[in-house]
Every structure is written in C-alpha cells, then in structure tokens.
Amino acid sequence: METQENKVIFSAIQPTGTFTLGNYIGAVRNWVNIQDEYRCIYAIADLHAITVKQEPAKLRQHTLEAFALLMACGIDPEKSVMFIQSHNKCHAEMNWILSCSAQFGELSRMTQFKAKSEKHPDDINAGLFTYPVLMAGDILLYQADLVPIGDDQKQHLELARNIAQRFNQKYGELFKIPDPYIPKVGARIKSLQDPTKKMSKSDENPNSCILILDDKDTVIRKFKRAVTDSDTVVRYAEGKDGINNLMSIYSAVTGKGYDEIEREFEGKGYGDFKLAVGEAVADSLEPVRTKFAELMNDKAYLKEVYTNGVQAAERISRKTMTKAYRKVGFVDCP
Ligand code: ATP
Ligand code: LTN
C-alpha cells in the first residue's frame with residue numbers, strides 16, 4: 001500500500017515578479033507545510049514566463065529571486081527537490097511529445113489563453129496557446145500524484161489529466177493521472193484596493209497588493225489605505241468584501257478564527273483593526289525578508305542548491321522521458 005510519504009507532489013510558480021501576500025498565503029506557505037508529509041518537487045517556471053514579453057535581464061534576476069524567495073519562505077532543499085525549469089531539458093522534450101497528443105480544440109477552450117490573448121493582442125504566440133501542454137509535461141514527468149494549484153489552474157490540470165489518459169490509451173500505460181491538491185487552509189486573498197478582484201502581482205496599482213519583500217512601514221501604509229466600507233464594526237458578513245478580506249488575511253497569519261477576531265476588535269474602529277493586520281503581516285514577513293537578503297548575498301550557495309536540485313529532477317524525469325520515447329516508437333538514443 002502507498003503511504004502519503006511516497007506520494008509525489010509537483011508544483012511550480014512563474015518568475016514574473018516578487019511574490020505577493022496572495023502567492024504566499026495561497027500557495028507557497030502550503031508548499032512549505034506539506035514537505036514532511038510528501039515527496040515534494042517544486043520548480044520556478046521560467047519556460048512558462050516567456051509566453052508573455054519579458055526583458056531578458058529582468059527575467060534572469062526574477063528567476064534567481066524567485067528561487068531564493070522559495071527558500072526564504074521555508075522550502076528546504078534537504079526535504080524537497082527544487083530547481084529551475086529551463087535547466088532540466090526533459091521539460092522542453094516532453095512538451096513536444098505531449099503536444100502531439102493535445103487537441104487544437106481543447107487548447108482553444110482554455111480561459112487563460114483567451115484572457116491573455118485579449119490582454120496582449122499584438123503577441124498571441126504559439127507558446128501562449130500550448131502553455132498548458134508544457135505544464136502537463138511538468139507534472140507527468142515526475143509521475144506526480146497531487147498538484148497544489150489555485151482555482152485559475154484547475155482547467156489546466158484537467159487538461160493534463162486528459163492528455164495523460166489519451167497518451168496511455170494510444171501507446172500503453174505510462175503516466176500516472178494526477179489529482180488536484182486542495183490545501184486545508186487556502187484563503188483567496190483579494191486586492192486591497194478592489195476587494196472583489198484577487199490580489200495579483202501584475203496589478204498596476206502598487207497599493208493593491210502586499211509584496212512579501214515590502215518593509216514594515218510600507219506594509220502598514222498599504223493596509224491603512226485598504227478599501228473598506230461605511231460600517232464601523234469589524235465582523236465577517238456579506239457585502240463587507242474589504243473587511244472580510246482583511247479578516248481572512250489576519251486569520252491566515254495569526255491562526256485566529258473569525259469569532260475570536262470579532263471579539264478582539266469589539267468596540268474598536270477600522271483604524272485599529274487595519275493597524276493590527278498591518279503589524280501582524282509585517283511581523284510574519286520579517287524573517288522571510290531577512291533570509292532572502294542573506295541568500296541573495298551568497299550566490300555561490302544559491303547556485304549549489306539549484307545545481308543539486310536539477311540533478312535530482314533530471315534523475316527522476318529522465319526515466320519517464322526514456323520510457324515515453326520507447327512507447328512512441330523512437331529508436332533508442334545511441
Ligand atoms: P500574475 O499576476 O502574473 O497572473 P499571480 O500573482 O496571479 O500572477 P501566479 O504566478 O499565477 O500568481 O500564481 C502562483 C500561485 O499563487 C498559484 O498557485 C495561484 O493560485 C496562487 N495565487 C495567486 N494569487 C493568489 C491570491 N490572491 N490568493 C491566493 N492564492 C493566489
Ligand atoms: N501555470 C502555473 C505555474 C505552473 C505550474 C506547473 C503549476 C507551471 N507548471 C505545474 C502546477 C504544476 C501558474 O501560472 N500558476
């Protein structure tokens with residue numbers, strides 16, 4: 001029987017900028033929490049990032065920073081495999097093999113493709129269209145059992161399952177069919193300026209999102225400016241999107257339940273509450289900032305970690321890649 005420890009988890013994040021509090025609470029913090037329970041493999045998805053325009057020097061910098069950020073947030077290279085996607089050539093190779101099992105029709109139905117094509121009408125490149133195939137390869141190469149993802153990636157995971165099943169039917173069993181991993185605590189953090197929208201690193205208004213490297217003053221200032229409502233009572237209720245969002249952030253960083261938070265701020269105004277949320281968030285991010293600065297000052301160590309990481313990733317994925325080549329009928333590589 002399979003124990004949880006033998007189950008493989010794969011996930012990745014794109015190096016498109018400093019992570020937000022949303023990325024941290026909704027994704028990376030959960031990745032950290034499951035490291036002891038599963039065999040975790042995490043990647044910085046730089047191949048995915050170039051589906052939209054990137055400045056080369058910035059991409060290189062953001063990729064290293066994202067890698068260091070994962071470590072600063074608590075991903076431990078002694079426990080998990082962590083690497084940079086483009087370093088492992090299997091990803092680009094598997095992308096081709098799987099693209100021949102993906103259908104034009106199903107790729108056309110991806111809502112992210114439609115949304116990104118509308119946002120960048122002058123650059124609807126083929127990579128943007130086949131993005132989910134590359135993502136399917138990421139997952140299937142490691143025979144992942146579970147994939148932690150947010151709502152926005154559910155459609156892509158469903159597609160990965162369909163591609164895997166189709167390949168297995170066409171060529172014989174090879175890929176494990178992955179399931180989504182829904183974390184126990186997985187808050188969807190909203191924009192501080194428009195709490196009906198998700199907090200996102202590509203938002204134009206810098207006050208809308210907390211970046212995990214923001215200093216204490218900046219964090220507190222952004223929370224002070226957060227949009228709330230004309231009521232004065234701190235309570236979780238329908239129609240109070242701004243306050244609900246702040247409560248869910250406060251709850252995520254302090255571990256307190258909504259009832260407890262309501263009692264804590266009874267008789268106090270929004271000003272006090274916003275300050276408390278700002279301080280709690282800033283305090284919880286402080287160790288991340290310190291660790292990040294340390295890591296960025298030791299590039300040799302970072303390099304050692306991503307070198308060991310890709311070697312481990314290669315070892316696992318090359319086995320699947322070789323089997324896939326045999327299945328489709330390629331002559332063994334001399
Ligand atoms: P972009 O603005 O470039 O689209 P993003 O901030 O939405 O980026 P992604 O890189 O697409 O972030 O997502 C990385 C991970 O963080 C995903 O698992 C995603 O579900 C999660 N995530 C992103 N934003 C939030 C949020 N506001 N709340 C909770 N989880 C989030
Ligand atoms: N598309 C994802 C990042 C990503 C990913 C993956 C997530 C690339 N490959 C494989 C899970 C599994 C995103 O933009 N959040």
Side-chain angles (χ1 to χ4, degrees), residues 8-31 40-54 59 62-63 66 69-70 73 83-86 88 90-92 94-95 98 110-113 115-116 119-120 127-128 130-161 163-164 178-183 185-206 208-212 245 248-249 252 313 317:
V8 175
I9 291 238
F10 182 93
S11 204
I13 188 162
Q14 295 191 62
T16 43
T18 305
F19 303 163
T20 66
L21 186 64
N23 299 135
Y24 181 60
I25 295 175
V28 180
R29 210 178 56 157
N30 293 314
W31 296 4
C40 297
I41 305 171
Y42 299 123
I44 303 298
D46 55 348
L47 295 173
H48 279 97
I50 61 165
T51 55
V52 298
K53 194 164 183 291
Q54 303 289 341
L59 178 64
H62 282 155
T63 303
L69 269 177
L70 283 189
C73 289
F83 69 103
I84 297 170
Q85 186 190 28
S86 64
N88 182 357
C90 292
H91 292 260
M94 188 55 96
N95 180 44
L98 294 180
M110 294 295 114
T111 54
Q112 194 183 77
F113 170 66
K116 290 201 176 172
K119 212 170 155 195
H120 309 278
L128 191 64
T130 59
Y131 175 118
V133 181
L134 180 64
M135 178 165 159
D138 295 345
I139 301 164
L140 302 176
L141 274 169
Y142 299 92
Q143 306 285 3
D145 296 274
L146 296 165
V147 184
I149 34 154
D151 289 350
D152 54 327
Q153 299 296 322
K154 278 195 182 147
Q155 206 187 16
H156 291 163
L157 184 63
E158 195 51 42
L159 184 71
R161 290 167 54 91
I163 293 175
D179 284 310
Y181 176 82
I182 315 294
V185 239
R188 190 118 202 100
I189 307 302
K190 303 289 181 5
S191 155
L192 298 185
Q193 292 299 312
D194 177 359
T196 58
K197 279 190 348 199
K198 79 161 191 169
M199 182 182 284
S200 155
K201 35 177 150 67
S202 47
D203 202 308
E204 275 130 39
N205 183 347
S208 70
C209 66
I210 303 290
L211 300 179
I212 64 173
N245 187 36
S248 92
I249 292 172
S317 55

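For ligands, and for the atoms within them, numbers begin at 1 and follow the listed sequence.
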Tell me which protein heavy atom sits closest to atom 15 (N) of ligand 2, plus the residue, atom name and distance to 0.1 Å. Q153 NE2, 3.6 Å

When only distance counts, is H156 in polar contact with ligand 2, meaning an N/O pair under 3.5 Å? no

With nothing but distance in play, are any N or O atoms of T20 less than 3.5 Å from an N or O of ligand 1? no

If the plane angle is over 60° it's perpendicular, under 30° parallel, otherwise tilted; pick one for Y142 and F10. parallel

Taking the non-hydrogen atoms of T16, is any one of them nearer than 4.0 angstrom to ligand 1? yes

Using heavy atoms and a threshold below 4.0 Å, how should the contact between L157 and ligand 2 be classified: side chain, backbone, both, or neither? neither

Of the protein's non-hydrogen atoms, which lies at the shortest distance from atom 13 (O) of ligand 1, and what is that distance? N23 ND2, 3.8 Å

Show me which atoms of ligand 2 lie under 4.0 Å from any heavy atom of V147. 11 (C), 12 (C)

Interatomic distance, OG@S200 vs CG@N23, rounded to 0.5 Å, equals 8.0 Å

List the closest protein heavy-atom neighbour of atom 20 (O) of ligand 1: residue, atom name, distance to the nearest 0.1 Å. G150 CA, 3.1 Å

Considering only heavy atoms, does D152 approach ligand 1 within less than 4.0 Å through its side chain, its backbone, both, or neither? side chain

Mind checking the CD1-CG spacing from I139 to L134? Nearest 0.5 Å is all I need. 10.0 Å

Starting from atom 3 (C) of ligand 2, which protein heavy atom do you reach first, and at what distance in Å? A12 O, 3.5 Å

Any idea which protein heavy atom is nearest atom 30 (N) of ligand 1, and the distance to it? G22 O, 3.2 Å

Protein heavy-atom partner closest to atom 8 (O) of ligand 1 - residue, atom, separation in Å: K201 NZ, 3.3 Å

How close does the nearest protein non-hydrogen atom get to atom 7 (O) of ligand 1, and which residue and atom is it? K198 NZ, 2.4 Å

Point-to-point distance, once rounded to the nearest 0.5 Å, from CD1 of I249 to CG of L192: 5.5 Å

Within this structure, what is the OG-NZ distance for the pair S208 and K197, rounded to the nearest 0.5 Å? 6.5 Å

Side chains of Q155 and Q112 in contact at under 4.5 Å (non-hydrogen atoms): no

M199 N/O under 3.5 Å from ligand 1 N/O: yes

I want to confirm something. Looking only at heavy atoms, which of H91, Q112, H48, Q14 is nearest to atom 14 (O) of ligand 2? Q14

Shortest non-hydrogen contact from I25 to N30? O-ND2, 3.6 Å

Can you measure from CG (L98) to CD1 (I163) and round to the nearest 0.5 angstrom? 6.0 Å

Which heavy atom of the protein is the closest neighbour of atom 9 (N) of ligand 2, given with residue, atom name and distance? D138 OD2, 2.7 Å

Considering S191, A252, A27, which one's heavy-atom position lies nearest to atom 15 (C) of ligand 1? A27

Give the ring-plane orientation class for Y131 versus H156, where under 30° counts as parallel, over 60° as perpendicular and anything between as tilted. tilted

Protein contact of atom 1 (P) of ligand 1 - nearest heavy atom, named by residue and atom, plus distance: S202 OG, 3.5 Å

Between D138 and Q85, do the side chains contain a donor N or O and an acceptor N or O under 3.5 Å apart? yes

Atoms in ligand 2 flagged as close to Y131, the criterion being non-hydrogen separation under 4.0 Å: 1 (N), 2 (C), 13 (C), 14 (O)

Can you find an N/O atom of Q153 closer than 3.5 Å to an N/O atom of ligand 1? no

L159 vs M110 side-chain heavy atoms within contact, under 4.5 Å: yes

Give me the nearest non-hydrogen protein atom to atom 27 (N) of ligand 1 as residue plus atom name, then the distance to 0.1 Å. I189 O, 2.7 Å

Taking all non-hydrogen atoms of both residues, which atom of M199 and which atom of C209 are closest, and how far apart? CG-CB, 3.3 Å

When rounded to the nearest 0.5 Å, the distance separating OH of Y24 from SG of C73 is 5.5 Å

